[in-house]
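Remember, it's 1-based here, ligands and their atoms both numbered in the order they're listed.
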Amino acid sequence: MGLLIRNGEIVTVGSRFSADIYVQSETISAIGVNLDTPADTEIIDASGKLVFPGFIDPHVHVYLPFMATFAKDTHETASVAALIGGTTTYIEMCCPNRNDDALEGYQLWKSKADGKSACDYAFHMSVTKFVEETESQLRQIVADGTASFKIFLSYKNFFGIDDAEMYQTLELAKRLGVIVTAHCENAELVARLQQKLLAEGRTGPEWHEPSRPESVEAEGTGRFATFLENTGATGYVVHLSCERALHAALNAKSRGVKIHVESVLPHFLLDKTHAERPGVEGMKHVMSPPLRAKSNQTALWNALELGSIDTVGTDHCPFDMEQKLLGKDSFVNIPNGIPGIEDRVNLLYTHGVKRGRLDMHRFVDAASTRAAKLFGLFPRKGQIAVGSDADLVIYDPDYRGVISAKSHQVNNDYNGFEGMEIEGRPSLVTVRGKVQVRDGKFVGERGRGKMLKREPSYF
Ligand code: URP
Ligand code: ZN
Ligand code: ZN
């Protein structure tokens, strides 16, 4: 059966116009005014609605053993929440730790998603050590269609790698044509500052940010950039949180370093005072890099508008309140992370586009198209064009609502954006031509999502 999306206002990075979209099977087969309606076609009236390409979250955690516990989601729950929020593809961090075998980890992460996700997905493969078998294992993983790596410069002795391993990873990535994403904080400084603060009796969540100050992130970002410069590899800084780190990345870019920048939703909308709230309220907002002084947000919004921040992800990583309380006696034991997969698009649209901080086309770029281009998914994803996958978000700009854990779908007992208003939401969402969300509710097929295979392109 075909699908005709009639009279919507199509918005892509480069254009905005009213037209119909015809979907045959899984792809867009025609775009035009007053398209014919073949027999056996479902007609969707998109009058008064915006039609966006399916949104892409380039940074999520679904299966994640971390900080003595596991993130709350499964692919069943995360993908439904993603789709309700307009995200039709996510890229999950595959994160075996230093003691795990990388290839076994990769198979495990794949098995958790296989046949479970309702939306399409891909992986960034974390390199959490560099040993004899690493090169051959990473070659197999890239050949399997996972053409991006992840490194952590923090989380010492768990995910974190040292400079020698970073060099080896980047040098291999350059040879393989793979982009390397990086969590940039100085692991040694974080460990030392944590010890110092705890020794002084500073144990509450408000001390998380001082244990990983802006300088520590700026150093990590600058060091990653210097290693990119000297290996020729292409890099992508994940969840950049502050102006100092932004300067480090943009300075490197201005001298020709191939570096891209992602910031994640919490850093645009929340600030360190959220983590300074007493008890579990503060713990809910503990993530790394930490929420920063609000003064950083202007720089982030401006860089986003200009495109110097390439993408907005979520770093979706839900831990419930009981898990957060693992850190009640010491902030270093609070599981780091916050959910966001369901709310990213609506909050970015509301607080970016509607508030005049973000051009609508740049919004589409930052939340969809740029990630598709950087991570080898374009033009299959991130675009509304004949031949592209029919991943479409019919967006209702007249919807008004409030974010709340009482109504969200994400598998968590709190929402870090509780009480924030949204002015717009997806009313209908398709994934490869199938309606997965209607009237804001999941109506689709669970387990239909496919792993997206990607080719290396950074030679
Ligand atoms: O606090 C965070 N960001 N948790 C998830 C792990 C990571 O660093 O991405
Ligand atoms: Zn991280
Ligand atoms: Zn992450």
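- Under the 3.5 Å distance criterion, with hydrogens and angles disregarded, a donor-acceptor pair is assigned to the side chains of Ser148 and Arg454.
- Side chain to side chain, Glu262 and His59 meet the donor-acceptor criterion of an N or O pair below 3.5 Å.
- Using a 3.5 Å distance cut-off with no hydrogens or angles, the side chains of His61 and Asp315 do pair a donor with an acceptor.
- In this structure, Phe159 falls outside the shell of residues with a heavy atom less than 4.0 angstrom from ligand 1.
- Short contacts between ligand 1 and Cys317, defined as distances under 4.0 Å to a heavy atom of the residue, involve ligand atoms 5 (C).
- Protein atoms that are N, O or S and lie under 2.8 Å from the Zn ion (ligand 3) are these: His59 NE2, His61 NE2, Asp315 OD1.
- For Tyr155 and Phe158, the distance between ring centers is not under 6.0 angstrom.
- Evaluation of the side-chain hydrogen bond (donor to acceptor under 3.5 Å, both in side chains) test over residues 348-358, restricted to residues two or more places apart or in two chains, returns Arg355-Glu423.
- By the side-chain contact (heavy atoms from CB on, under 4.5 Å) test, Asn251 pairs with Arg255, sequence neighbours left out.
- Note on residues 173-183: pairs passing side-chain hydrogen bond (donor to acceptor under 3.5 Å, both in side chains), not counting sequence neighbours, are Glu135-Arg175, Ser154-His183, Glu171-Arg175, His183-Glu185, His183-His239.
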Item to check | Derivation and outcome, side-chain contact (heavy atoms from CB on, under 4.5 Å), residues Lys150 and Val180 | outcome: CA-CA 6 Å; Lys150 168 76 183 287; Val180 180; over 6 Å; no
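- When non-hydrogen atoms are compared, ligand 1 lies under 4.0 Å from the backbone of Asn336 as well as from its side chain.
- Using a 4.0 Å cut-off to heavy atoms of Met287, the atoms of ligand 1 that qualify are 1 (O).
- Taking the centre of each ring, Phe417 and His408 stay at or above the 6.0 Å mark.
- Each of the following atoms of ligand 1 lies closer than 4.0 Å to a heavy atom of His239: 8 (O), 9 (O).
- Proximity of His183 to ligand 1, defined as any heavy-atom pair under 4.0 Å, is confined to the side chain (atoms from C-beta onward).
- Shown in contact with Ser288 at under 4.0 Å from a heavy atom are these atoms of ligand 1, numbered in order with element: 1 (O), 2 (C), 3 (N), 8 (O).
- With respect to atom 3 (N) of ligand 1, the closest heavy atom belonging to the protein is Asp315 OD2, 2.5 Å.
- If you check which protein heavy atom lies closest to atom 8 (O) of ligand 1, you get Tyr155 OH, 2.6 Å.
- Ring centroid separation for the pair Phe123 and Trp109 does not come in under the 6.0 Å cut-off.
- No donor-acceptor contact under 3.5 angstrom links the side chains of Thr146 and Asp144, judged on distance only.
- At least one heavy atom of His59 sits less than 4.0 Å from an atom of ligand 1.
- Remark: ligand 1 and His61 share an N or O pair separated by less than 3.5 Å (distance only, no angle test).
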